Each structure stands twice: as structure tokens, then as C-alpha cells.
Protein chains: 2
Amino acid sequence: MSAGGGTAQGGESLLFLTDEQLRKGIEAMFFAYRGFTADPDRILESHAYGRAHHRAIHFIHRQPGLTVNTLLSVLGVTKQSLNRVLRTLVEDGLVDSRVGRRDKRERHLYLTEKGAALERELSDAQRARMRAAYRAAGPAAVAGFRQVLEAMMDPDLRRYFQMMKDSGA
Amino acid sequence: MSAGGGTAQGGESLLFLTDEQLRKGIEAMFFAYRGFTADPDRILESHAYGRAHHRAIHFIHRQPGLTVNTLLSVLGVTKQSLNRVLRTLVEDGLVDSRVGRRDKRERHLYLTEKGAALERELSDAQRARMRAAYRAAGPAAVAGFRQVLEAMMDPDLRRYFQMMKDSGA
DNA sequence: CTTGGAAAGTCAACAAGGCTGACATAAAAT
DNA sequence: ATTTTATGTCAGCCTTGTTGACTTTCCAAG
């Protein structure tokens, strides 16, 4: 492999990180992300939705009943941007927006059956690729993959991610 | 399904991949990519460029003298889309577009000094985050990270990526 | 030499999905 | 009663992607 470390073997050599090795990592990230979104993108196109809809659907599925504000900060977009997407999803009957019981200003978001069906279609495709990649790389690689990804996140998102990791499953 | 192979060795029975675990991987990818692009995005904004410019600059740096057509297929966009970006880069004196010697229809792309300077600024920032993530995760994790990323790429891009890996450094 | 086709560039029009700013409403908090 | 918060909405702008049509340049095959 391309590890320029030289002296040591058995993975230790990778601590010696040249700019070139880091550049390879950057490029790998770029290409992999393209692959990562390719399958859902194809499905979304046939439904006349975009990546923005996918992201909203994903996180509503992940955390049913979350408020618009929470979704906003997780996605990192403006409310105007999210609202455009959310409105079409509600109009098309994929998402249910319910007024809060305690605080009636809040809207809590849920997937309808139809929404859950699309979510399944999308994540099935994405999981298939992820599963194939995991299998090709092996269990040790998977653990490393997740560690590096977590370390690359912005602290706020990492905190959210780790929180969801504990509660979620 | 995903081969429940893992009689847990080393504590990691990660071969047993539940849909929930895969979903976590998907989410990690999403959040990590956000972090990955955050620093360059900030720099680009101050130069009035976008991510598209960054990508062009990156690959021209990587493979000086590549043709527009090659760049096109690496980036995976239309020539009209690329041309808009490329034109501003040439106009602003960051990229040099030279008519081919053998085939004068082709344009070979090079970074000027000014272009190389911006490339350095961008990739320094991106490498800093990558380096920090690598250091936090450790050498074994880095190897796994790269393996999974490669496995996630579309075959064409994986071939290109591996080719550049050999020649590049 | 002529011509077909590839490589590149350009113009126009359009869409998705970001953004900002301004403003409206209802409900909670003070 | 007033202010703040959560949400929604209108209008307009930017980047970056798309398609389609057309031109210019130039290699290569007839």
C-alpha cells in the first residue's frame, strides 16, 4: 500500500503522515461520498425529490417527533431552506406535522406510512452499499472507519451523534 | 444478510451488522463530510469561490496538465458546469489552459503560482483536520478508514483512485 | 482535398437548494 | 402587558448542477 512510513510494519507506519498520504485520504473521502449518495440519488430522482428531502426524512425517521428547530440544527440549514422541503413532504403526505401538546408553538414531525416506505427504500439501497463495503474491508476496518469519521466531525455534531448512538440502539 | 460470522474476537463482533449499525455508519458519513468540507468552505467564501472551484483546483494540482475531458470525468459533472468554473479560474489567473501540442483541440490545465497558493491554503486547512482525526483515531483506524472508503467508491472511480495512488507517491 | 466526427467552447434557459431580509402569528415567559 | 421564542411565509439572490443547440478547431479517414 501507499504507506510511506517505512520503518515500522503492521499499521504503525501510518502514524508517519506525509502531506501526500493526507491528500489521498481527502480524495478518498470525496470519491467515497459520491458513491455513498449515488444510489439514493437515483431513487430520489424517480420520485422527484432531492438530497435535501432525503436528509429530512432520514432524521425524522431516526428521531420521530423531533421539532422543526431540532431538525434545523441537525441539518445545519436555514429554516427557509428546510421549510421549502418540509412543506412538499407534508403536502405529499410523507410527513406528519403535529402541534406540540405541552408547547403549542412547536411542531413535532413524524413519518407517515408512505414516508416510512420511502425511507425504507432509500436506506435499503444505502445500507446495501455500506454493507458491501464493510464486508469487503472486514470488521477491524469498520471499527477504524467509524473512529476516524467521528474524529472528523465538528464537536457539536459529534456530541449529537454520540448521544443518538447511546439512546438509539 | 450480512453474515453473522463474528464469534466475538478482539471484542469486536462487527461482522454481525444490524440495520441500526449500518444506519449509524450512514449518519457518521453525513456528519463527517460536513466537517470535512467546513474549513475549505470558510476559506473559499473569503475568496468568492465555491466548492466547485476547490474540486477543480484540487485535481489540477494532483495531475498537472490533465485535459478538460479527463477532469470532466473525474469530477462527474457536465462540461457546461465545469466550464463556468474553469473560466473564472482562468480569468482570475489561477489556472493556465494550454492548447495541446500533439492534439491542438485539447486544453491542458495547470495551476499558476497564484492558483497553487490557493490550493495550498485550502489543502493545508483540510489536511489539518484530517491529521487531527487520524491522530485521534490511531494508525490501525486510519488503515481501516481508507479500506472502507475505497470499498464504497463506484468501480470506475476506484480504479482511477488506485491508479493515482500508485503513480502519485 | 474533402469531409466526418471528436474536443472544446459558448449561449440560453431552467431547477434544486443554499442564503438573507422582512414580516406574521401564536404561544410561552417575564 | 410586553417581550421572546418557534414557526411559517414571501421575495429575491447565488452557486452549481442540468439540457439543448450551435460554432470553431482540428485530427484522420476516405
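Lettering of chains follows the sequences in order, A, B, ..., and the numbering in each one begins at 1. Worth saying up front: this structure is predicted, and the values here are computed from it rather than measured.
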Check whether any side-chain N or O of A:K79 sits under 3.5 Å from a backbone N or O of A:V68 as a donor-acceptor pair, and report yes or no.
-> no
Atom OH of B:Y49 and atom P of D:dC14: how far apart are they, to the nearest Å?
-> 17 Å
Between B:V68 and A:T78, whichever has its closest DNA chain C nucleotide further toward 5' is B:V68
Polar side-chain atom of A:E121 near backbone of A:I43 as donor-acceptor pair, under 3.5 Å | no
Pairwise 5' ranking along DNA chain C for A:R101 and B:L86, keeping only the more 5' one = B:L86
Integer-rounded Å distance: C:dA24 C1' and A:N83 CG = 13 Å
Euclidean distance, atom CG of residue B:D41 to atom C1' of C:dC19 [Å, nearest integer] = 13 Å
Has the side chain of B:D103 got a donor or acceptor atom that lies under 3.5 Å from a matching backbone atom of B:R105?
-> yes
A:T67 and A:R107: side-chain donor and acceptor closer than 3.5 Å?
-> no
Mind calculating the distance between CG (B:L71) and P (C:dA7) to the nearest angstrom?
-> 15 Å
Among the nucleotides C:dA28, D:dG8, C:dT10, which one has an atom lying closest to any side-chain atom of B:R87?
-> C:dT10
Ranking D:dT4, C:dA8, D:dT18 by distance to the side chain of A:R105, first place goes to D:dT4
Go through D:dG17, C:dG17, D:dT7 for me and flag the one nearest to the A:R84 side chain.
-> C:dG17
Can you tell me how far P of C:dG17 sits from NE2 of A:H54, to the nearest Å?
-> 13 Å
Rounded to the nearest angstrom, tell me the gap between atom CG in B:L89 and atom P in D:dT16.
-> 10 Å
Go through the side-chain N and O atoms of B:H58 and A:R23 and say whether any donor and acceptor fall under 3.5 Å apart.
-> no
Do any N or O atoms from the side chain of A:Q63 and from the backbone of A:I60 form a donor-acceptor pair under 3.5 angstrom?
-> no
Go through C:dC19, C:dA27, C:dA8 for me and flag the one nearest to the A:D103 side chain.
-> C:dA27
On a plain distance test, is the side chain of B:K104 in donor-acceptor contact with the base of D:dT25 below 3.5 Å?
-> no
Over how many whole Å does the gap from B:R98 atom CZ to C:dA8 atom P extend?
-> 16 Å
Below 4.0 angstrom from OP1 or OP2 of C:dA6, is there any side-chain N or O of B:N69?
-> no
base_contact_polar (D:dG12 base, A:Q80 side chain, donor-acceptor, <3.5 Å) = no
Distance in angstrom units between B:R102 CZ and D:dA28 C1', rounded = 14 Å
Of the listed D:dT7, C:dT10, D:dT16, the closest approach to the B:A52 side chain comes from D:dT16
OP1 or OP2 of C:dG9 sitting under 4.0 Å from any side-chain N/O of B:R107?
-> yes
How would you label the contact of A:H53 with the nucleic acid (heavy atoms, under 4.0 Å): base, sugar-phosphate, or nothing?
-> sugar-phosphate
How do B:V85 and B:K79 order along DNA chain D: which one's closest nucleotide is nearer the 5' end?
-> B:V85
